[in-house]
Amino acid sequence: QVQLVESGGGLVQAGGSLRLSCVASVSGRTFSSYGMGWFRQAPGKEREFVTTINRIGATYYADVVKGRFTISRDNAKNTVYLQMNSLKPEDTAVYYCAADTGGNGQPGDFGSWGQGTQVTVSS
């Protein structure tokens, strides 16, 4: 079981940066055994994939954030991060941290979700 809590969201101007954190409380498995991901959902829109980091550290990014966002993890702190640079107004959304409880790295395998943190980018 894994419970996730995101933090670090806020209001930032276009071109600025923000760093999100997701702290995991884990039982039954180690945090390092989970692939982790970030997703986002803007008002009135579908939740979309942003980035993932797997159990061996491989990272994957949606094209719209590639080169601007970086996912990382600190297993000693049970924490995954999302560094967001060169933010655009279209990045405005609630950002969710998720754990790959299914273990296969597919979108449907992310079965544990945080409550979300709001990111707002002004123009």
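What's counted below: heavy atoms across the whole structure, side chains too, no hydrogens, waters or symmetry copies.
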* E6 (side chain) donor-acceptor with C97 (main chain) under 3.5 angstrom -> yes
* 4.5 Å side-chain heavy-atom contact, D91 and R68 -> yes
* Pairwise side-chain hydrogen bond (donor to acceptor under 3.5 Å, both in side chains) hits with a residue in residues 70-79, at least two apart -> R73-N75
* Supply the atom-to-atom distance Q3 CD to S27 OG, rounded to the nearest 0.5 angstrom. => 7.5 Å
* Asked: What distance separates S123 OG from Q13 CD, expressed to the nearest 0.5 Å?
  -> 9.5 Å
* Asked: If you round to the nearest 0.5 Å, how far is CG of L11 from OG1 of T120?
  -> 6.0 Å
* Structure fact -> Taken to the nearest 0.5 Å, the spacing of E90 CD from R40 CZ works out to 8.0 Å
* Looking at side-chain heavy atoms only, is the closest gap between R47 and V94 below 4.5 Å? -> no
* Structure fact -> Apart from M84 itself, members of its ILVMFWY cluster (side-chain separation under 4.5 Å) are V2, L4, V12, L18, L20, V26, F31, Y34, M36, W38, V50, I53, Y61, V64, V65, F69, I71, V80, L82, L87, Y95, V119, V121
* **T52 side-chain N/O to G37 backbone N/O, donor-acceptor pair under 3.5 Å** => no
* To do: Mind jotting down which residue pairs meet the ring pair (Phe, Tyr, Trp, His ring centres under 6.0 Å) criterion with at least one end in residues 96-123? Sequence neighbours excluded, please.
  => F39-F110, F39-W113
* Give the intermediate values and the outcome of side chain to side chain contact (heavy atoms under 4.5 Å, CB included) for residues Q83 and S17. => CA-CA 7 Å; Q83 179 66 47; S17 297; 4.0 Å; yes
* To do: Determine the minimum heavy-atom distance between A14 and P89, stating which atoms define it.
  => CB-CD, 4.1 Å
